[in-house]
Amino acid sequence: MSQNPTKHTKVLIIGSGPAGYTAAVYAARAMLKPILVYGAQPGGQLTTTTDVENYPGFSDVIQGPWLMDQMKDQAKAVGTEMIEDHIGSVNLKSNPFEAVGDSGQKYTADSIIISTGAQARWLNIKSEQEFRGFGVSACATCDGFFFKDKEVAVVGGGNAAVEEAMFLTKFASKVKLIHRRDSLRAEKMLQKKLMENKKIEIVWDSVVEDVIGDQEPKNVKGIKIKNLKTNKVNEIKLDGLFIAIGHDPATQLFKDQLKMDQEGYLITKPDSTETNVPGVYAAGDVKDKTFRQAVTAAGMGCMAALEAEKFLSH
């Protein structure tokens, strides 16, 4: 394979989604001619979300994949170069920064914006994946609204699971929290609130074995759960299943080069998207485990581009 010449850019954006695309729009409009490299899932987690009702600016329900296409086209229209490639390695000690794609393409950049996102962890049962978006979800704040007066279950035992269960009681008539152990990992204060909530029932020592539902129209009807102490399998009728067993930020690439927390989220300076390496910025779910919304990711993408522009002008 003949080696492509190195591509140089003032701003290299790694990853797409609301953060990457917004960063690209702002960087391109600042005449920085950014290159955005996107991987196998352009648009990120939003491409697996059908109905989006909470993105500002649209009074009608919009589709996640459509919103991402619009952002991509907008970034292109103002002058972003888009390349499909997977960045396999980066060197943040060199000047300019270096990145190498799986394609063999080498990129050099005066600044880098990281928007590689995160993925929800799934149980990885075949039926769970089959009903994803049809009653199985990994985001209560995104999808809770669709379960008004219905019965749902949440899987998990950490803060996220407890918070999702509490949030869902605003809509659902009953919420079951299914946890594989006999005690929760969540903070004590949260646990107390959970126990006091009449709508929530905790199912201990149990795992989800299967999701049951109809094909036409596609929707969840129930789940099979197995008690790990007795090995008994029970069927529970419900309308929705929320998986809350954590997220994994896509930060393997930056291990030992950038500061991250124990879970692998990139750490940035307060009120900033700047990492511990000047000229390298992080935006969206790759650094944000608190909000994880399209609009906050887009906001950080804007911040990152403006900070990169300021950095480059000095």
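Because the structure is predicted, anything quoted here is derived from the model rather than measured.
In terms of hydrophobic clustering, with Ile, Leu, Val, Met, Phe, Trp and Tyr side chains grouped at heavy-atom distances under 4.5 Å, M166 and W204 are assigned to a common cluster. By the criterion of side-chain heavy atoms lying less than 4.5 angstrom apart, applied directly or through intervening Ile, Leu, Val, Met, Phe, Trp or Tyr residues, I113 is grouped together with L312 in one hydrophobic cluster. Hydrophobic clustering places M71 together with L32 (ILVMFWY residues linked when any side-chain heavy atoms are closer than 4.5 Å, directly or through intermediates). Under the 4.5 Å side-chain heavy-atom criterion for grouping Ile, Leu, Val, Met, Phe, Trp and Tyr, F145 is not connected to L238 through any hydrophobic cluster. In the hydrophobic clustering of this structure, V78 does not group with V37; members are Ile, Leu, Val, Met, Phe, Trp, Tyr whose side-chain heavy atoms approach within less than 4.5 Å, directly or through other members.
S173 places a side-chain N or O within donor-acceptor distance of the main-chain N or O of K150, the cut-off being under 3.5 Å. Of the possible polar contacts, one joining the Q105 side chain to the P5 backbone as a donor-acceptor pair under 3.5 Å is found. Between the side chain of E98 and the backbone N or O of K106 there is no donor-acceptor pair closer than 3.5 Å. The backbone N or O of A75 lies less than 3.5 Å from a partner atom in the side chain of T80, making a donor-acceptor pair. The closest donor-acceptor contact from the side chain of E128 to the backbone of N124 lies under 3.5 Å. Using modelled atom types, one side-chain atom of S115 and one backbone atom of G15 make a donor-acceptor pair closer than 3.5 Å. Judged by distance alone, with hydrogens and angles left aside, the side-chain atoms of N276 form a donor-acceptor pair with the main-chain N or O of K259 at under 3.5 Å. The backbone N or O of A172 lies less than 3.5 Å from a partner atom in the side chain of K199, making a donor-acceptor pair.
Contact check for L46 versus Y55: no side-chain heavy atoms found under the 4.5 Å cut-off. Counting only heavy atoms from C-beta outward, the side chains of K289 and D261 approach each other to under 4.5 Å. Contact of the V277 side chain with the Q257 side chain is not registered, since no non-hydrogen atoms from C-beta on lie closer than 4.5 Å. In this structure, the side chains of R121 and D248 come closer than 4.5 Å at one or more pairs of heavy atoms. A 4.5 Å side-chain heavy-atom check between L184 and L194 finds at least one atom pair inside the cut-off. For the pair E307 and K310, the minimum side-chain heavy-atom distance is 4.5 Å or more. Residues I83 and Y107 have side chains in contact (heavy-atom distance under 4.5 Å, counting atoms from C-beta outward). Inter-residue side-chain proximity for L253 and I114 is flagged as unmet; no heavy-atom pair is nearer than 4.5 Å.
Pairs passing the salt bridge (Lys or Arg N to Asp or Glu O under 4.0 Å) check and including a residue from residues 184-196, sequence neighbours excluded, read K192-E196. Residue pairs meeting the salt bridge (Lys or Arg N to Asp or Glu O under 4.0 Å) criterion with at least one member in residues 212-225, sequence neighbours excluded, are D214-K221. Listed by first then second residue, pairs satisfying disulfide (SG to SG under 2.5 Å) with a partner in residues 39-73 number zero, not counting sequence neighbours.
Of all non-hydrogen atoms in V154 and A165, the two that sit nearest each other are CG2-CA, 3.9 Å. Closest heavy-atom contact between D110 and P96: OD1-CB, 3.9 Å. Annotation for A99 and L12: closest pair CB-CD2, 3.9 Å, computed over non-hydrogen atoms. Nearest heavy-atom pair across Y281 and A304 is CB-CB, 4.0 Å. Across all their heavy atoms, I245 and G156 have their closest contact at CG2-CA, 4.1 Å. Between V220 and G240, the shortest heavy-atom distance links the atoms CG1-N, 4.5 Å.
Within a 6.0 Å radius of CE in M195, more than 12 heavy atoms belonging to other residues, nucleotides or ligands are found. Residue F291 places its CZ atom among 12 or fewer non-hydrogen atoms of other residues, nucleotides or ligands, all under 6.0 Å distant. For K10, the NZ atom is loosely surrounded, since the number of other residues' heavy atoms within 6.0 Å does not exceed 12. Within 6.0 Å of atom CG in D271, 12 or fewer heavy atoms from other residues, nucleotides or ligands are found, so the atom counts as exposed in its surroundings.
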Could you give the side-chain donor-acceptor pairs of residues 18-31 under 3.5 Å, partners two or more places apart or in another chain?
from : atom 1 : to  : atom 2 : distance (Å)
T22  : OG1    : P18 : O      : 2.6

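Note: F167 and F242 fail the aromatic proximity criterion, with ring centroids not under 6.0 Å apart.
Residues satisfying the disulfide (SG to SG under 2.5 Å) test with C302, not counting sequence neighbours, are none. A search for salt bridge (charged side-chain N to carboxylate O under 4.0 Å, His left out) contacts involving E81 returns K7, not counting sequence neighbours.
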List the steps and the verdict of side chain to side chain contact (heavy atoms under 4.5 Å, CB included) for L241 and F131. CA-CA 9 Å; L241 180 67; F131 286 102; over 6 Å; no
Walk me through it: do L92 and T275 pass the test side chain to side chain contact (heavy atoms under 4.5 Å, CB included)? CA-CA 11 Å; L92 303 179; T275 64; over 6 Å; no
Where do Y38 and H86 land on the side chain to side chain contact (heavy atoms under 4.5 Å, CB included) test, with the steps shown first? CA-CA 7 Å; Y38 62 92; H86 179 265; over 6 Å; no
Yes or no on side chain to side chain contact (heavy atoms under 4.5 Å, CB included) for I178 and I223, after CA distance, side-chain angles and deciding distance? CA-CA 11 Å; I178 300 166; I223 53 172; 3.5 Å; yes
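Rounding to the nearest 0.5 Å gives a distance of 12.5 Å between CE of M260 and OH of Y265. We find the OG1-CD distance between T141 and Q293 to be 4.5 Å, quoted to the nearest 0.5 Å. Atom-to-atom distance recorded for T47:OG1 and Q63:CD is 12.0 Å, nearest 0.5 angstrom. Residue L190 holds its CG atom at 5.0 Å from CG of N159, rounded to the nearest 0.5 Å. Between atom CG of residue D288 and atom OG1 of residue T273 there is a gap of 12.5 Å, rounded to the nearest 0.5 Å. Note: S137 OG to L168 CG = 8.5 Å, rounded to the nearest 0.5 Å.
Under the side chain to side chain donor-acceptor pair (under 3.5 Å) test applied with D285, the options Q45, H247, R292 reduce to a single match, Q45.
A salt bridge does not link E151 with K237: none of the charged nitrogens is closer than 4.0 Å to a carboxylate oxygen.
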